[in-house]
Structure formats: C-alpha cells, structure tokens
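Take a look at the structure set out below.
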Amino acid sequence: MTEYPLPGGFINGPVRVGDTVRRPLGARGEFVHRLLDRFERMGWSGAPRVLGVDERQREMLTFVEGQVPWQSPRSPDVDSVASLVAVARLVREFHDLTAGTDLAGEHEAVCHNDLSPKNTVYREQPDGLRPVAFIDWDLAAPGARVHDLALVCWQFLDLGPTVPDAAVAGERMRAIADAYGFADRPVLLDTVVWWQDRCWRGIEAGASAGDAALVRLRDQGVVREVRAAREWVERHRHELDAAMS
C-alpha cells in the first residue's frame, strides 16, 4: 500500500499506510506496547492501539483520526482554557489507569514524558476543537505525576519570552492544575524549570555524541530557545506563582 509521511515526525519519521501508522520500533518498544495494550483493555480511547510489527520490523499502530497542531500558528481553540482543561483531564485519566500497576512499579504512575500540542490529536466538538488522544508514547516510563503536568504547562502554554502576560499564563497554569487535581503549585513550577534545564542539556549532550537528529535541533537554535524559556520562567516566577495561588 502507498505510504504517506506524517507531518511533524522530526525524530522517527512515521508514515501512514491505510488506517495504520508505521514507525521504527523504539528501544522501549516492549514497555510501550504493554502500556498501550493496557489502555485498550481498560477501554481508554486516548492513545493508539498496537497492531503488531510489519515485515520491515516497524511497529504498526492504529491511525487516530483528527488534527495535530504541529505548525504555528495553531487554532485558537487549542489554546483555549476549555482545551487546556481537557488536556489535563486526559493526563489524569491515563495516570490513574497506570497507578499501582506493575508498569508504574514503585512510582506514582506511567508518564508520557513528551506531551505537547504536536503529540495531541484534536477533533471538532460542539464547543470547538478539543483534545481526544495523545500520540508518540516512545518516551513513556514510570515517574511522578507532576512530570507530565509540568510538561503540559510548559509546552501547551509556550512558557517563555513569547508569552505576553506572565499573570495570564499563571492563571492558565492554575486552570490546568485544578483540572488535574494537583495542589502543590511551587513543585509544579520547579518541575517546569527542571524539564527546561533537562531538555537543553540533553540536546547538547546528544548532539555532542553525534546524534544526527539532536545535531539538527541544536543547529536550529533549539538549545538557545529552551535556555531563554527557562530564564523567562525564573524571571517571572513571582508573577506565575501569585497567579496560580
């Protein structure tokens, strides 16, 4: 069947084949497939289904119909408070489905670890475009719930120098935390900074080790952008914290 490259697949080059997605099998493929199988058994529709491995040893997943906002500018609906609340509730759902399982082990839950609008599928609802599923689970691993929640705050709010009003961003962080049911706001901010620091350092280290994809990211200025985002959060921490309270 004809293969169609999917937009936004910068690292792993996924393609669509009919109603399936084919992509290289990651190093954590077995764990990820067990996780997606659990979601299917529990009837949770917020992730693709595993269909197996094709003749080229690529994993086969169901194609999740909808829109993925991988380019800017994105629909205003994606940035609406209603959509942010829906994202937080989706995260809470899959965290709760993995908490206390062998997949999470001694940790609070299994985290996606790469949540962003580019890894979220949206569909039209009566009240606008709303999130229905997360894709790209390659980095999923046991962890603390706040890790994913902090990623949502950073990535879905674009926390950094392009934010016009830190107080408004803080109010949106509060809406996300409230929708999830997370009360420890200082820890949430600490974890946003932790992710930003981890991100730029990881790109630098991977690029220095010769990882071609990370070399491209570094050469495109992503390290500089993430460091600037981290500095912005630190500089506006008081305003963000006050708005979240």
>> Applying side chain to side chain contact (heavy atoms under 4.5 Å, CB included) to Leu61 and Val50, what does each step give before you reach the verdict?
In response: CA-CA 5 Å; Leu61 307 169; Val50 179; 4.1 Å; yes

> Can you tell me how far CE of Met42 sits from CD of Glu93, rounded to the nearest 0.5 angstrom?
Replying inline: 11.5 Å

> So which heavy atom on Val110 is nearest to which on His95, and how close?
Replying inline: O-CD2, 3.4 Å

>> I need the Leu240 CG to Arg237 CZ distance, nearest 0.5 Å.
In response: 8.5 Å

>> A side-chain contact here means heavy atoms from C-beta on lying under 4.5 Å apart; do Cys153 and Trp195 qualify?
In response: no

> Which atoms form the tightest heavy-atom contact between Cys111 and Ala144, and what is the distance?
Replying inline: SG-O, 3.1 Å

>> For the CZ atom of Arg22 and the CG atom of Asp54, what is their distance to the nearest 0.5 Å?
In response: 5.0 Å

>> If we ignore hydrogens and angles and just use 3.5 Å, is the side chain of His112 paired with the main-chain N or O of Ile135 as donor and acceptor?
In response: yes

> Can you check whether Phe156 reaches Ser83 side chain to side chain, under 4.5 Å on heavy atoms?
Replying inline: no

> Can you tell me if Glu40 uses its side chain to pair, donor with acceptor, with the backbone of Arg49 under 3.5 Å?
Replying inline: no

> Is it true that Val215 and Trp200 fall in one hydrophobic cluster, defined by side-chain heavy atoms closer than 4.5 Å?
Replying inline: no

> Quick one: does Arg123's side chain have a donor or acceptor within less than 3.5 Å of a partner on Glu65's backbone?
Replying inline: yes

> Minimum heavy-atom separation for Ala104 to Pro142, with atom names?
Replying inline: O-CB, 3.4 Å

> Honestly curious: do Val91 and Leu84 fall in one hydrophobic cluster under the side-chain, below-4.5 Å linking rule?
Replying inline: yes

> Can any side-chain N or O of Arg23 pair as donor or acceptor with the backbone N or O of Leu25 at less than 3.5 Å?
Replying inline: no

>> Are more than 12 heavy atoms, taken from residues, nucleotides or ligands other than Arg235, located less than 6.0 Å from that residue's CZ atom?
In response: yes

> What are the two closest non-hydrogen atoms of Arg89 and Ala179, and how far apart are they?
Replying inline: CG-O, 3.9 Å

> Using the ring of each side chain (for Trp, its six-membered ring), is Phe134 parallel, tilted or perpendicular to Trp44, with breaks at 30° and 60°?
Replying inline: tilted

> Arg174 and Leu188: side chain to side chain contact (heavy atoms under 4.5 Å, CB included), yes or no, with the steps?
Replying inline: CA-CA 10 Å; Arg174 181 178 63 196; Leu188 184 55; over 6 Å; no

> Is there a side chain to side chain contact (heavy atoms under 4.5 Å, CB included) between Asp114 and Asp138 once you walk through the steps?
Replying inline: CA-CA 8 Å; Asp114 198 15; Asp138 289 7; over 6 Å; no

> Would you say the side chain of Gln155 lies within less than 4.5 Å of the side chain of Leu115, judging by non-hydrogen atoms?
Replying inline: no

> For Tyr180, is the NZ or CZ atom of Arg92 found under 6.0 angstrom from the centre of its six-membered ring and inside 45 degrees of the ring axis?
Replying inline: yes

> If you take all heavy atoms of Pro48 and Trp137, which pair is closest and at what distance?
Replying inline: CD-NE1, 3.8 Å

>> Has Arg34 got a side-chain atom pairing as donor or acceptor with Leu103's backbone, closer than 3.5 angstrom?
In response: no

>> Between Arg227 and Glu204, does any NZ, NE, NH1 or NH2 come within less than 4.0 Å of an OD or OE carboxylate oxygen?
In response: no

>> Closer than 3.5 angstrom, by distance alone: can the side chain of Arg185 be matched with the main-chain N or O of Met244 as a donor-acceptor pair?
In response: yes

> About how many Å separate CD of Glu234 and CG of Asp197, when rounded to the nearest 0.5 Å?
Replying inline: 9.0 Å

> Are Met60 and Val121 in one and the same hydrophobic cluster, where Ile, Leu, Val, Met, Phe, Trp and Tyr link if side-chain heavy atoms are under 4.5 Å apart?
Replying inline: no

>> With a 3.5 Å distance limit and no angle check, can you tell me whether Ser45 reaches the backbone of Ala133 through a side-chain donor-acceptor pair?
In response: no

> Who passes salt bridge (Lys or Arg N to Asp or Glu O under 4.0 Å) against Arg224, sequence neighbours left out?
Replying inline: none

> Between Val192, Ile176, Asp79, which is the residue that forms a side chain to side chain contact (heavy atoms under 4.5 Å, CB included) with Leu157?
Replying inline: Ile176

> Are Leu139 and Val152 co-members of a hydrophobic cluster defined by side-chain heavy atoms under 4.5 Å apart?
Replying inline: no

>> What's the separation between atom CG in Leu151 and atom CD in Gln196, rounded to the nearest 0.5 Å?
In response: 9.5 Å

>> Main chain of Thr98, side chain of Thr101: is a donor-acceptor contact present, judged purely on distance under 3.5 Å?
In response: yes

> Hey, mind stepping through Arg201 and Val226 against side chain to side chain contact (heavy atoms under 4.5 Å, CB included) and telling me if it holds?
Replying inline: CA-CA 10 Å; Arg201 292 181 186 277; Val226 175; over 6 Å; no

> Would a hydrophobic clustering, with Ile, Leu, Val, Met, Phe, Trp and Tyr connected at side-chain separations under 4.5 Å, put Val85 with Val78?
Replying inline: no

> Of Asp241, Val168, Leu189, which meets side chain to side chain contact (heavy atoms under 4.5 Å, CB included) against Met173?
Replying inline: Leu189

> Looking at Asn113 and Ala141, what are the two nearest heavy atoms and their distance?
Replying inline: ND2-N, 3.6 Å

>> Please check this pair: side chain of Asn119 against backbone of Asp136, looking for a donor-acceptor N/O pair closer than 3.5 Å.
In response: no

> What distance do Asp148 atom CG and Leu90 atom CG have between them, rounded to the nearest 0.5 Å?
Replying inline: 12.0 Å

> Taking C-beta and beyond as the side chain, do Trp154 and Cys199 meet within less than 4.5 Å on heavy atoms?
Replying inline: yes

> Are any non-hydrogen side-chain atoms of Arg218 and Ser208 less than 4.5 angstrom apart?
Replying inline: yes

